[in-house]
Amino acid sequence: MQAAVSSPVPVAWYPALAVLTVAVGLMLTASFFIYEATSSTRSRSLAKEITTAAVASVFLGFGSLFVLLASGVYV
């Protein structure tokens with residue numbers, strides 16, 4: 001007999017988590033674009049660019065997951 005699978009996050013939190021993670025991801029993406037547009041080519045840091053892009057990607061990935069879960073598409 002198999003055990004029931006349950007979510008580690010309460011279902012009522014899905015919409016709030018979706019808004020929060022997408023908002024943070026979009027702010028980090030905007031920060032990345034502003035950094036790219038305002039800094040000169042010689043003063044840019046590859047480590048900062050990769051870190052900002054990776055963190056924004058993680059937040060947008062979880063945000064899209066929670067958007068899908070909040071709308072009833074269980075993936």
Side-chain angles (χ1 to χ4, degrees):
M1 184 178 239
Q2 294 184 5
V5 177
S6 65
S7 173
V9 177
V11 175
W13 291 6
Y14 289 167
L17 285 172
V19 170
L20 179 70
T21 53
V22 168
V24 170
L26 289 176
M27 284 189 284
L28 286 168
T29 303
S31 169
F32 176 78
F33 284 125
I34 290 169
Y35 176 75
E36 290 295 316
T38 59
S39 62
S40 66
T41 306
R42 295 184 190 270
S43 67
R44 290 183 187 159
S45 168
L46 181 62
K48 182 176 180 179
E49 292 176 8
I50 290 174
T51 303
T52 305
V55 173
S57 176
V58 167
F59 274 101
L60 289 173
F62 278 108
S64 61
L65 172 70
F66 284 117
V67 166
L68 288 171
L69 291 174
S71 63
V73 180
Y74 295 105
V75 292

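Each salt bridge (charged side-chain N to carboxylate O under 4.0 Å, His left out) pair with one or both residues in residues 22-32, not counting sequence neighbours, would appear here, but there are none. Among pairs with a residue in residues 52-70, none fulfils salt bridge (charged side-chain N to carboxylate O under 4.0 Å, His left out), at least two apart in sequence or across chains. Residue pairs meeting the salt bridge (charged side-chain N to carboxylate O under 4.0 Å, His left out) criterion with at least one member in residues 64-75: none, sequence neighbours excluded.
Legend: residues meeting side-chain hydrogen bond (donor to acceptor under 3.5 Å, both in side chains) with S43, ordered by chain and number and at least two apart, are S40. In this structure L17 satisfies the side chain to side chain contact (heavy atoms under 4.5 Å, CB included) test together with V9, W13, F66, sequence neighbours excluded. Listed by chain and residue number, F32, Y35, E36, R44, L46 satisfy the side chain to side chain contact (heavy atoms under 4.5 Å, CB included) test with E49 (two or more places apart in sequence, or in another chain). Judged as a side chain to side chain contact (heavy atoms under 4.5 Å, CB included), and not counting sequence neighbours, the contacts of V73 are L68, S71, V75. S7 pairs by the side-chain hydrogen bond (donor to acceptor under 3.5 Å, both in side chains) definition with Y14, not counting sequence neighbours.
Side chain of S64 to backbone of L60: a donor-acceptor contact under 3.5 angstrom is found. In this structure, the side chain of T29 engages the main chain of G25 through a donor-acceptor pair within 3.5 Å.
Of the options L20, L26, V24, a side-chain contact (heavy atoms from CB on, under 4.5 Å) to F59 is made by V24 and by none of the others.
Note on I50: it does not cluster hydrophobically with L28, by side-chain heavy-atom contacts below 4.5 Å among ILVMFWY residues.
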